J.: 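First, the structure itself, so that you have it in front of you.
Note that these values count all heavy atoms, side chains included, but never hydrogens, waters or copies made by symmetry. Here the structure is a predicted model, which is why all the values come from computation and not from measurement.
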Amino acid sequence: MQNIKIIPFSPEYQADFKRLNIEWIEKYFVVEPHDIEQLDFPEDFVLKNGGNIFMAVQNEEVVGTVGMAYLDDFSFELAKMAVSPKHHGFGIGQLLGEAALDFARKKGAKRVWLESNRILTPALTMYEKLGFREVEFVPTPYERSNIQMEILF
């Protein structure tokens with residue numbers, strides 16, 4: 001895909017961050033209370049303590065996003081990855097994932113963790129391509145989560 005820029009989040013992108021995530025969640029699942037918290041208040045749930053959000057922009061249109069939520073001095077959670085359905089299949093998720101992992105490495109992280117659902121086969125395939133591997137499942141606030149993965153640096 002041409003002309004894709006991965007840029008850091010700024011407050012003017014909050015509506016896009018929320019829109020993109022609500023769009024995919026509603027397509028497959030139900031939007032849950034913790035989703036709304038993170039999407040309405042990314043500064044408290046994703047950006048806090050040095051987390052980051054990346055936006056994929058093509059010709060001034062925001063077409064994707066991913067968050068890197070700080071967990072501890074050595075870990076981040078890859079969270080709230082979403083790509084507009086009309087832009088699926090062009091490697092935008094891969095670009096976002098690479099940017100997120102590069103950010104975590106530069107911050108000195110030793111581990112990045114994520115949770116997903118097994119019906120999201122293209123996403124799981126992309127995560128594996130990025131180097132994520134399935135780990136033992138631990139309790140989560142999300143009803144839809146049924147797989148957890150991590151990558152170690």
Side-chain angles (χ1 to χ4, degrees), residues 1-26 29 31-85 87-88 90-117 120 122-135 138 140-142 144-145 147-153:
M1 179 151 264
Q2 297 179 350
N3 303 321
I4 297 294
K5 291 186 275 186
I6 306 299
I7 61 171
F9 180 84
S10 60
E12 75 247 28
Y13 295 116
Q14 200 233 319
D16 293 306
F17 178 64
K18 184 174 182 176
R19 170 186 56 82
L20 288 163
N21 275 283
I22 295 290
E23 185 175 46
W24 85 260
I25 295 168
E26 287 182 338
F29 307 105
V31 177
E32 300 179 40
H34 193 52
D35 292 315
I36 298 301
E37 289 175 333
Q38 290 182 317
L39 297 171
D40 282 346
F41 304 102
E43 61 281 349
D44 294 333
F45 291 93
V46 181
L47 300 171
K48 186 176 179 178
N49 297 322
N52 208 339
I53 297 172
F54 299 94
M55 310 302 291
V57 179
Q58 181 186 39
N59 301 325
E60 307 303 316
E61 178 186 4
V62 178
V63 298
T65 187
V66 66
M68 287 298 284
Y70 173 90
L71 297 176
D72 60 44
D73 287 345
F74 302 103
S75 305
F76 283 88
E77 178 185 0
L78 189 142
K80 299 299 181 225
M81 179 180 272
V83 174
S84 171
H87 292 89
H88 284 183
F90 295 105
I92 296 169
Q94 182 82 22
L95 292 173
L96 286 164
E98 289 168 358
L101 293 175
D102 186 53
F103 167 81
R105 280 187 199 94
K106 287 178 180 172
K107 288 288 192 173
K110 302 295 181 210
R111 172 182 174 258
V112 175
W113 178 85
L114 65 83
E115 55 188 312
S116 189
N117 188 287
L120 303 173
L124 297 178
T125 300
M126 182 204 55
Y127 296 142
E128 288 175 355
K129 187 175 176 184
L130 287 168
F132 285 89
R133 299 294 174 250
E134 185 173 355
V135 294
V138 296
T140 174
Y142 294 106
R144 68 180 172 268
S145 179
I147 184 172
Q148 296 168 340
M149 304 175 85
E150 73 178 8
I151 186 171
L152 303 175
F153 302 123

J.: L78 pairs by side chain to side chain contact (heavy atoms under 4.5 Å, CB included) with which of I151, L96, V112?
T.: V112
J.: With sequence neighbours excluded, tell me which residues meet ring-ring contact (aromatic ring centres under 6.0 Å, His included) with H34.
T.: F45, Y142
J.: Salt bridge (Lys or Arg N to Asp or Glu O under 4.0 Å) with E134: which residues, sequence neighbours excluded?
T.: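 Only R118 meet the salt bridge (Lys or Arg N to Asp or Glu O under 4.0 Å) criterion with E134.
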J.: Output every pair passing ring-ring contact (aromatic ring centres under 6.0 Å, His included) with a member in residues 93-115, not counting sequence neighbours, ordered by first then second residue.
T.: F54-F103, F76-F103
J.: Mind checking whether R133 and E150 have side chains closer than 4.5 Å, heavy atoms only?
T.: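 No, their side chains stay 4.5 Å or more apart.
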J.: Quick one: are E77 and E115 in side-chain contact, heavy atoms under 4.5 Å?
T.: yes
J.: Would you compute the distance between atom CG of N52 and atom CE of M68 and round it to the nearest 0.5 angstrom?
T.: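 Separation between the atoms: 9.0 Å.
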J.: Please tell me if the side chains of Q94 and L130 come closer than 4.5 Å, counting only heavy atoms from C-beta onward.
T.: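 Result yes, sub-4.5 Å side-chain heavy-atom pair found.
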J.: Walk me through whether I36 and I22 qualify under side chain to side chain contact (heavy atoms under 4.5 Å, CB included).
T.: CA-CA 9 Å; I36 298 301; I22 295 290; 4.1 Å; yes
J.: Where the side chain of H88 meets the backbone of V83, is there a donor-acceptor pair that is under 3.5 Å apart?
T.: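 Side chain of H88 to backbone of V83: a pair is present.
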J.: Taking the side chain as everything from C-beta on, heavy atoms only, tell me whether K107 gets closer than 4.5 Å to F74.
T.: no
J.: Could you name each residue pair satisfying salt bridge (charged side-chain N to carboxylate O under 4.0 Å, His left out) that touches residues 63-76, not counting sequence neighbours?
T.: none
J.: Let me confirm one number: the CG-CG distance from N3 to N59, rounded to the nearest 0.5 Å.
T.: 5.0 Å
J.: Measure the shortest side-chain to side-chain distance between D35 and K80 over non-hydrogen atoms and say whether it is less than 4.5 angstrom.
T.: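 A side-chain contact exists here, since the closest heavy-atom pair is under 4.5 Å.
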J.: Can you pull the side-chain hydrogen bond (donor to acceptor under 3.5 Å, both in side chains) pairs that have at least one residue in residues 40-51, sequence neighbours excluded?
T.: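 Only K18-D40 qualify under side-chain hydrogen bond (donor to acceptor under 3.5 Å, both in side chains).
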J.: If you count the non-hydrogen atoms of other residues, nucleotides and ligands that lie under 6.0 Å from CZ in F153, is the total more than 12?
T.: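 More than 12 heavy atoms, drawn from other residues, nucleotides or ligands, come within 6.0 Å of this atom.
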J.: State whether the number of non-hydrogen atoms from other residues, nucleotides or ligands found under 6.0 Å of E60 atom CD is greater than 12.
T.: no
J.: Output the distance between atom CZ (F41) and atom CG (L47), rounded to the nearest 0.5 Å.
T.: 13.5 Å
J.: Measure the shortest side-chain to side-chain distance between N117 and S145 over non-hydrogen atoms and say whether it is less than 4.5 angstrom.
T.: no
J.: I'd like to check I53 versus P8 (side-chain heavy atoms, cut-off strictly below 4.5 Å). Are they in contact?
T.: no
J.: Begin from the C-alpha positions of F90 and Q58 and carry the test side chain to side chain contact (heavy atoms under 4.5 Å, CB included) through to its verdict.
T.: CA-CA 12 Å; F90 295 105; Q58 181 186 39; over 6 Å; no
J.: Between R144 and E32, does at least one N-O distance fall below 4.0 Å, as a salt bridge requires?
T.: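 The answer is yes: the pair qualifies as a salt bridge.
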J.: Taking the side chain as every heavy atom from C-beta outward, state whether V138 and Q148 have any atom pair closer than 4.5 Å.
T.: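 In contact.
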J.: Just grab all the ring-ring contact (aromatic ring centres under 6.0 Å, His included) pairs involving residues 2-26, residues at least two apart or on different chains.
T.: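 Sorted pair list comes back empty.
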